[in-house]
J.: 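Sharing a structure, written as structure tokens. Questions coming.
This one's a predicted model, so the numbers in the text were calculated from it and none came from an experiment.
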Amino acid sequence: MTATSISSRPRHAFQTDDPRLEPIADKVLSGTRLEYEDGLALYRSPDILAVGWLANSVREKLHGDVAYFNVNRHINPTNVCVASCRLCAFGRKKDTPGTYTMALEEAWQAAASGYSEAVTEFHIVGGLHPDLPFQYFMDLVSGLKERFPKVHIKAFTMVEVAFLAKRAKLSIPEVLERMKAAGVDSCPGGGAEIFADRVRHIICDHKIDGSEWLETARLAHKAGLRSNATMLYGHIENEEDRVDHLLKLRAVQDETAGFQTFIPLAFHPDNTPLGHLPRTTGMLDIKQIAVGRLMLDNFPHIKSYWQMVTPKMAQISLRFGADDIDGTVVEEKIYHDAGATTPQGMRRAELERLIREAGRVPFERDTMYRAVTRSEDSFTIAV
């Protein structure tokens, strides 16, 4: 179904019992950009159906009934990390119990073990290892590209890029060019967390700060690498911090147009130093999707990451602003170490069923959102 056919549907007028949303609705329906105070009002409104209606109107204008997913494979080459982020249950200090670092052959084999479903993407993120040489990561990528030349390699967050540059005594542009030469096709969006210094000093003080994350993203986009962007919510941040984060992402996107997808990540407190905090509620999970869609008017896609919010909530979010629910994943370590109880992977048929039950049309994509047509063990990407 096309966006045109969606727009011709009978649609009821906007309705709300929250008067703060009336002027925001006027802006959204006229295509006027929302500002800081609008974002606060959206977060603070109890009328989730009205907020969702507005987000869904934008989502359908952009994508009609299409809902995107891909067949991907996560590879986390090491959990050894020099950072001591209070938000993280994945990273381990060197020489402590539970650490692991994949040998290159082991990482390549891990990629191959999920290849029967003809993955179109390898998603590679890991810890900030103090001893692994820069060349390890380049060899990891080039080895994957040699073995799986058709698979898109989405590798290394902005935090990892900055860390690799420091370790290798290279500039960030030099690291990005070497990544591209090795076979990196785009970058994931992790490590953004919350940009506000007040929050960042508490939850991830050992990472690059928010301005450095944004500048690294600018440089990646300038180098020709598209990326995603995330926001970790539901910990010690407040509504002002969330709006500030979204507006900073939007400003960079105005400059570079290099972000493809915004991915809100629900904080999982289990097994972290912030384990005393409660988990996010369904209301907050849905609202974060909707507010992201409304504030990030220059982002093509909003993803509801089913691994974080559960497949059920991801399905519902397809009516609250999300147009993408990620992919098959196969195995994911970072959020499961923090207590995620979702399945490690999901087959393509199950993703399609969730999408269809939401009244959407499944669209299998590659990382660049091009159509994928396939048999069970091969695929073709529309160009």
J.: Could you pull out all residues at least two apart from Ala50 that satisfy side-chain contact (heavy atoms from CB on, under 4.5 Å)?
T.: Phe14, Thr16, Leu21, Asp47

J.: How would you list, by chain and number, every residue that makes a side-chain contact (heavy atoms from CB on, under 4.5 Å) with Ser186, sequence neighbours excluded?
T.: His152, Lys154, Thr367

J.: I'd like to check the ring pair (Phe, Tyr, Trp, His ring centres under 6.0 Å) partners of Tyr68; sequence neighbours left out, ordered by chain and number.
T.: His63, His301, Phe363, Tyr369

J.: Under the ring pair (Phe, Tyr, Trp, His ring centres under 6.0 Å) definition, can you give me all pairs with a residue in residues 23-42, not counting sequence neighbours?
T.: none

J.: Quick one: side-chain contact (heavy atoms from CB on, under 4.5 Å) partners of Ala192, sequence neighbours excluded?
T.: Phe195, Trp213, Thr230, His245

J.: Glu350: what forms a salt bridge (charged side-chain N to carboxylate O under 4.0 Å, His left out) with it, not counting sequence neighbours?
T.: Arg353

J.: Sequence neighbours excluded, which residues qualify as side chain to side chain donor-acceptor pair (under 3.5 Å) partners of Lys222?
T.: none

J.: Side-chain heavy atoms nearer than 4.5 Å, only ILVMFWY residues, links allowed to pass through others: does that put Ile263 and Met368 together?
T.: no

J.: Going by the rule ring pair (Phe, Tyr, Trp, His ring centres under 6.0 Å), which residues pair with Phe137 if we only count those two or more places apart in sequence or in a different chain?
T.: Phe156

J.: Among residues at least two apart in sequence or on other chains, which ones pass side-chain contact (heavy atoms from CB on, under 4.5 Å) with Asp241?
T.: Ile194, Ala196, Arg198, Val199, Glu237, Asn238

J.: Would you please name every residue forming a ring pair (Phe, Tyr, Trp, His ring centres under 6.0 Å) with Phe320, sequence neighbours left out?
T.: none

J.: Does NZ or CZ of Arg250 lie under 6.0 Å from the centre of the six-membered ring of Phe299, at an angle within 45° of the ring axis?
T.: no

J.: With sequence neighbours left out, what residues match Thr281 under side chain to side chain donor-acceptor pair (under 3.5 Å)?
T.: none

J.: Could you list the residues that satisfy salt bridge (charged side-chain N to carboxylate O under 4.0 Å, His left out) with Asp323, not counting sequence neighbours?
T.: none

